[in-house]
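Atoms considered below: every heavy atom in the structure, side chains included; atoms not considered: hydrogens, waters and symmetry mates. Here the structure is a predicted model, which is why all the values come from computation and not from measurement.
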Amino acid sequence: MARPYRSVLYIPAANARAMEKAQTLPADAIIFDLEDAVAPAEKPAARDALAAALGNDYGPRARIVRINGLATEWGEDDARFCAGLAVDAVLIPKVDGPADLDRVAAIIPDAPLWAMMETPLGMLNAVAIAAHPRLEGMVMGTNDLAKELNSRFRPDRLPMQAGLGLCLLAAKAHGKVIVDGVFNAFKDEDGLRAECEQGRDMGFDGKTLIHPAQLAIANDAFAPTDAEIDLARRQIDAFQAASAEGKGVAVVDGRIVENLHVETARKTLDRAKAIAAMAG
């Protein structure tokens with residue numbers, strides 16, 4: 001079963017209390033942030049705090065560390081620090097192309113790499129980035145992308161659609177995890193739900209979050225519903241029965257079911273099982 005990434009919560013690596021609390025939060029993954037969430041003067045201390053925190057038990061939650069870019073004064077030290085950590089991935093900010101991944105890979109020999117997709121050049125190079133052999137995941141950095149585009153916020157995210165679509169196509173073409181960008185208004189539950197549903201319908205695996213209050217909505221939006229699980233089971237059963245009779249298609253609820261629908265149905269059930277496993 002593939003690990004679910006419905007909810008991917010940013011936690012400042014300088015905040016020991018927040019990192020401790022994250023051990024009990026219903027997040028599928030945690031991004032321990034050494035970059036934007038940590039003030040420059042606190043970055044060395046944040047590494048020490050993170051090293052101590054990672055000695056604790058985070059259960060089935062994926063542990064991802066976002067480092068500073070290698071072009072900054074902290075990036076190389078962050079990368080060397082991560083080379084000795086037992087983490088599930090290292091997230092690299094502002095990836096413009098495969099060369100940015102190569103530079104980090106040379107310092108961190110083993111850990112899987114994830115890429116922040118948040119620049120116009122990164123959007124245009126998404127296919128080459130997704131094809132990198134060390135890359136396992138992509139994270140949309142919609143705030144930085146909006147700044148680079150000089151675009152305005154719209155509930156339908158129309159200015160983001162080109163970039164979101166390019167990255168989605170690249171990730172799916174190369175079998176990589178891809179999670180949507182953050183929703184900044186963490187008290188706006190309706191707005192968050194709408195954006196989660198949009199991302200889910202587009203094909204994202206989950207959403208990055210900035211506050212624990214957002215977890216329940218993201219977990220619900222990116223999980224198969226009871227109706228979807230029931231339909232998946234009925235599609236599989238109907239197709240198997242049709243195949244036993246020598247037929248290539250089945251009909252469920254008035255709709256044709258072919259082998260491609262059965263593959264989707266199996267993925268739905270696998271996803272539901274993985275989510276149930278996360279909950280214990």
Side-chain angles (χ1 to χ4, degrees), residues 5 7-95 100-101 103-104 107-108 110-119 136-147 179-187 192 206-216 218:
Y5 285 96
S7 53
V8 182
L9 180 65
Y10 285 103
I11 296 288
N15 190 329
R17 183 178 178 182
M19 289 190 289
E20 180 181 4
K21 183 180 179 181
Q23 297 173 54
T24 62
L25 294 174
D28 288 347
I30 299 165
I31 295 176
F32 299 94
D33 193 14
L34 292 168
E35 194 208 14
D36 288 345
V38 179
E42 297 180 343
K43 289 185 186 291
R47 293 187 206 108
D48 295 336
L50 177 55
L54 288 174
N56 297 318
D57 183 10
Y58 284 88
R61 301 163 189 82
R63 299 171 301 167
I64 303 166
V65 177
R66 182 166 73 169
I67 65 174
N68 289 274
L70 293 192
T72 70
E73 61 182 283
W74 313 283
E76 287 196 18
D77 288 339
D78 284 352
R80 293 191 184 95
F81 165 74
C82 288
L85 292 181
V87 295
D88 294 292
V90 175
L91 177 59
I92 305 163
K94 296 178 176 61
V95 175
D100 294 327
L101 300 175
R103 285 190 285 271
V104 176
I107 301 172
I108 305 174
D110 298 320
L113 302 181
W114 281 38
M116 288 294 306
M117 305 300 293
E118 52 190 342
T119 68
E136 291 194 3
M138 304 170 84
V139 177
M140 297 306 306
T142 45
N143 282 334
D144 277 272
L145 182 59
K147 178 178 73 72
V179 292
D180 200 357
V182 300
F183 183 77
N184 296 316
F186 66 89
K187 293 185 179 181
L192 172 63
K207 193 164 185 67
T208 45
L209 309 170
I210 59 172
H211 195 280
Q214 298 177 314
L215 287 166

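Distance CD1/Ile92 to CE/Met116: 11.5 Å, rounded to 0.5 Å. Considering CZ of Arg66 and OG1 of Thr208, their distance stands at 9.0 Å, rounded to 0.5 Å. Note that CG of Leu9 is 5.5 Å distant from CG of Leu215, once rounded to the nearest 0.5 Å.
The one candidate from Leu54, Val90, Ile108 that meets the side-chain contact (heavy atoms from CB on, under 4.5 Å) condition with Leu85 is Leu54.
Closest heavy-atom contact between Gly69 and Pro93: N-CG, 3.4 Å. For the pair Ala49 and Met19, the tightest heavy-atom approach, listed with the atom from each and the gap, is O-CE, 3.7 Å. Nearest heavy atoms, Ile67 versus Cys82: CG2-SG, 3.6 Å. Looking at every heavy atom in both residues, Asp33 comes nearest to Ala37 through OD2-N, 3.1 Å. Across all non-hydrogen atoms, the minimal contact from Thr119 to Leu145 is C-CD1, 4.0 Å. When all heavy atoms of Ala46 and Val38 are compared, the pair lying nearest together is CB-CG1, 3.9 Å.
Scanning for side-chain contact (heavy atoms from CB on, under 4.5 Å) contacts around Ala218 gives Ser7, Cys196, Leu209, with sequence neighbours left out. In terms of the side chain to side chain donor-acceptor pair (under 3.5 Å) criterion, Asp48 has no residue partners (sequence neighbours excluded). Checked against side chain to side chain donor-acceptor pair (under 3.5 Å), Asn143 has the following partners two or more places apart in sequence or in another chain: Asn184. Every residue two or more places apart in sequence or in another chain was checked for a ring-ring contact (aromatic ring centres under 6.0 Å, His included) with Phe183, and none qualifies. By the salt bridge (Lys or Arg N to Asp or Glu O under 4.0 Å) test, Lys94 pairs with Glu35, Asp144, sequence neighbours left out. For Arg80, the salt bridge (Lys or Arg N to Asp or Glu O under 4.0 Å) partners at least two apart in sequence or on another chain are Glu76, Asp77. Residues passing the side chain to side chain donor-acceptor pair (under 3.5 Å) test with Arg47, sequence neighbours excluded: Asp78.
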- Query: For Ile30 and Arg63, what are the C-alpha separation, side-chain angles and deciding distance, and is it a side-chain contact (heavy atoms from CB on, under 4.5 Å)?
  - Reply: CA-CA 5 Å; Ile30 299 165; Arg63 299 171 301 167; 5.8 Å; no
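Residues Ile107 and Leu70 form a side-chain contact, since some pair of their non-hydrogen atoms from C-beta on lies under 4.5 Å apart. At a threshold of 4.5 Å between non-hydrogen side-chain atoms, the residues Ile31 and Val8 count as touching.
Of the possible donor and acceptor atoms, one in the side chain of Lys207 sits under 3.5 Å from a partner among the backbone N and O of Gly181. A distance-only check finds no donor-acceptor pair linking the side chain of Asp88 to the backbone of Ile64 [under 3.5 Å].
Within the structure, side-chain hydrogen bond (donor to acceptor under 3.5 Å, both in side chains) contacts touching residues 10-32 (residues at least two apart or in different chains) are Arg6-Asp28. The list of side-chain hydrogen bond (donor to acceptor under 3.5 Å, both in side chains) pairs with a residue in residues 36-45, not counting sequence neighbours, reads Lys43-Asn68. Legend: ring-ring contact (aromatic ring centres under 6.0 Å, His included) pairs involving residues 25-84, not counting sequence neighbours, sorted by first then second residue: Phe32-Tyr58.
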